[in-house]
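Here the structure is laid out as structure tokens; the discussion comes afterwards.
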2 protein chains.
Amino acid sequence: MTMPSHPAPRRGVERRGLRDHVYELILELLLSGEVEPGARLAIDTIARQLDVSPTPVREALVHLERTGLVTREALKGYRVAPPLGSEELAELFEARLVLETAAARLATPAGPDLVAQLGEAQQRHREAGERVVEALDAGRVDLALTTEYFAADTDFHAVVFRACGNRYLVGMSESLGAQLHRMRQSALRGVTDVHEAVAEHAAVADAFRGLGELTPEQAMERHIVGVRTRSLAQAGRG
Amino acid sequence: MTMPSHPAPRRGVERRGLRDHVYELILELLLSGEVEPGARLAIDTIARQLDVSPTPVREALVHLERTGLVTREALKGYRVAPPLGSEELAELFEARLVLETAAARLATPAGPDLVAQLGEAQQRHREAGERVVEALDAGRVDLALTTEYFAADTDFHAVVFRACGNRYLVGMSESLGAQLHRMRQSALRGVTDVHEAVAEHAAVADAFRGLGELTPEQAMERHIVGVRTRSLAQAGRG
DNA sequence: ACTGCGGCGATCCTATAGGAAAGTGGATCG
DNA sequence: CGATCCACTTTCCTATAGGATCGCCGCAGT
């Protein structure tokens with residue numbers, strides 16, 4: 001039953017840092033929402049599916065364990081993390097409020113680069129939002145468009161974080177970003193606050209340009225609070 | 001040269017969750033400062049030293065990689081993370097200021113439990129500080145006392161974080177804690193601000209009790225700013 | 001009929017072996 | 001004498017095999 005004949009010509013992945021590649025694949029699998037929370041993540045199974053040995057899979061899972069996307073029970077294996085409860089949701093928004101306002105405050109005053117990048121990110125977010133609304137008016141919920149919209153939103157906030165010049169805050173933001181993405185999976189049936197979100201992003205961008213009466217921190221605070229309010233309201237209706 | 005006769009009676013560790021045990025051992029090794037930054041962390045060398053196979057060592061290193069305590073270069077191996085530069089130091093204090101003030105704000109108003117725990121933590125910190133000063137006056141720098149003092153300080157802040165009721169902020173604090181510990185290793189030659197730190201902790205505790213004119217957030221802000229100022233001044237003198 | 005228990009399958013966990021890439025030293029040629 | 005090339009060593013990286021553990025199903029006993 002030993003078949004050592006195969007020299008394993010690496011057909012699944014092309015010989016470029018296996019562990020990181022496996023990590024990205026599993027991460028993509030998790031973020032795509034194709035696996036339900038609580039589902040088992042068998043090491044050997046994944047290894048066979050990706051045509052690699054269990055070792056890099058194991059390392060990738062260890063990596064993912066620290067992100068909170070998967071949970072590990074000793075001698076029982078890995079599982080997809082359970083969905084966020086109401087308490088975790090509230091804490092997530094609270095933490096995000098702290099980080100985002102701090103990043104906006106530290107990125108003030110904005111230089112020309114930040115203004116430019118913010119404008120581009122805002123425009124992409126607005127256009128993606130228009131396409132989502134357009135599809136929504138046509139009666140269909142396009143998953144690809146929704147994903148693109150969320151990505152544009154994430155990019156907008158990432159611009160602010162990069163501009164704040166603090167690598168630790170950036171890291172924390174990315175750490176929360178995974179949880180945020182997980183939350184969005186739960187309420188992916190449709191985006192209902194495109195108009196408000198786009199308007200609030202515009203307010204943030206304007207504040208960074210020196211327009212309006214609000215500081216960037218205040219504008220960002222209103223945005224995050226608005227997102228929280230609308231999300232909780234939608235969750236309550238669901 | 002192969003000695004497979006031994007059934008490997010697990011002499012180094014006693015058969016209880018190898019990977020986590022290895023992780024704690026390496027973490028302790030790193031935090032103890034016995035290894036210099038930039039030093040190589042050879043996988044099989046560590047495996048032989050701990051009398052385990054390379055696999056759990058590898059997993060522990062992956063775990064540590066996400067904490068920022070070790071760095072990995074593809075196909076080159078792991079190394080102890082280089083010491084924090086001045087920019088990283090400034091960003092670390094900035095991030096800590098954000099987190100600590102937010103935690104203090106969220107923990108306000110304080111319940112009886114928080115007041116009690118804070119009082120105990122403050123007392124331990126003060127006593128540890130007194131012992132450090134006492135030893136310092138005697139002309140010796142006791143490493144154990146200094147470590148205990150730092151641990152008491154960390155505990156004091158951990159009380160506030162646990163009381164803020166936000167698991168994500170707690171996680172971020174712990175993440176920064178590793179970097180903070182690393183920074184303290186660099187300036188471990190002596191603690192010079194015991195008096196100020198104890199006084200500021202007392203001010204924070206008093207603010208949580210409703211005494212004084214400052215809010216807990218303001219008191220915590222003054223404390224962190226004070227720590228930053230004194231640390232940078234000491235680094236400048238060094 | 002219900003509960004305790006022992007075998008069985010699946011999976012995780014650890015160990016060992018072999019192939020590949022990077023660093024190092026010496027030898028050779030200009 | 002210096003630079004370059006080559007071979008060697010070390011180490012990482014991946015693959016495979018074996019031991020240990022957990023959950024489950026059937027069975028006996030009360």
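Lettering of chains follows the sequences in order, A, B, ..., and the numbering in each one begins at 1.
The shortest distance between the side-chain N/O atoms of Ser53(B) and the OP1/OP2 oxygens of dT14(C) is not below 4.0 Å.
Between the Arg79(A) side chain and the Gly38(A) main chain, a donor and an acceptor come within less than 3.5 Å of each other.
You'll find that the side chain of Arg40(B) is closest to dC12(D), out of dT16(D), dT14(C), dC12(D). The Ile43(A) side chain lies nearest to dC12(C) when the options are dC12(C), dT11(D), dC13(D). Listed nucleotides dT14(D), dT14(C), dC12(D) differ in distance to Leu18(B); the shortest reach to its side chain belongs to dT14(C).
Residues satisfying the side-chain hydrogen bond (donor to acceptor under 3.5 Å, both in side chains) criterion with Gln122(B), sequence neighbours excluded, are absent altogether. Take Phe156(A) and apply the ring pair (Phe, Tyr, Trp, His ring centres under 6.0 Å) test, not counting sequence neighbours, and it matches His201(A). Contacts of Glu127(B) classified as side-chain hydrogen bond (donor to acceptor under 3.5 Å, both in side chains), with partners at least two apart in sequence or in another chain: Gln123(B). Take Glu73(B) and apply the salt bridge (Lys or Arg N to Asp or Glu O under 4.0 Å) test, not counting sequence neighbours, and it matches Lys76(B). In terms of the salt bridge (Lys or Arg N to Asp or Glu O under 4.0 Å) criterion, Glu36(A) has no residue partners (sequence neighbours excluded). For Arg162(B), there are no salt bridge (Lys or Arg N to Asp or Glu O under 4.0 Å) partners, not counting sequence neighbours. Remark: Gln117(B) engages no residue in a side-chain hydrogen bond (donor to acceptor under 3.5 Å, both in side chains) (not counting sequence neighbours). Residues meeting the salt bridge (Lys or Arg N to Asp or Glu O under 4.0 Å) test with Arg72(B), sequence neighbours left out: Asp20(A), Glu65(B).
Within residues 56-65 of chain A, no residue places a heavy atom under 4.0 Å from DNA chain D. DNA chain D lies under 4.0 Å from at least one heavy atom of each of the following residues of residues 68-77 of chain B: Arg72(B), Leu75(B), Gly77(B).
In this entry the distance linking CG of Leu50(B) with P of dT14(C) reads 13 Å, nearest Å. Rounding to whole angstrom units, CG of residue Asp51(B) and C1' of dA15(C) are separated by 11 Å. Rounded to whole angstrom, the span from the NE2 atom of His21(B) across to the C1' atom of dT14(C) amounts to 16 Å.
Note that the two end axes of the helix from dA1(C)-dT30(D) to dG30(C)-dC1(D) enclose an angle of 0°, each drawn from 5 base pairs, rounded to 10 degrees.
A salt bridge is absent between Glu148(A) and Arg124(A); no separation between the charged side-chain nitrogens and carboxylate oxygens falls under 4.0 Å.
Residue pairs meeting the ring-ring contact (aromatic ring centres under 6.0 Å, His included) criterion with at least one partner in residues 43-92 of chain B, sequence neighbours excluded, are Tyr23(B)-His63(B).
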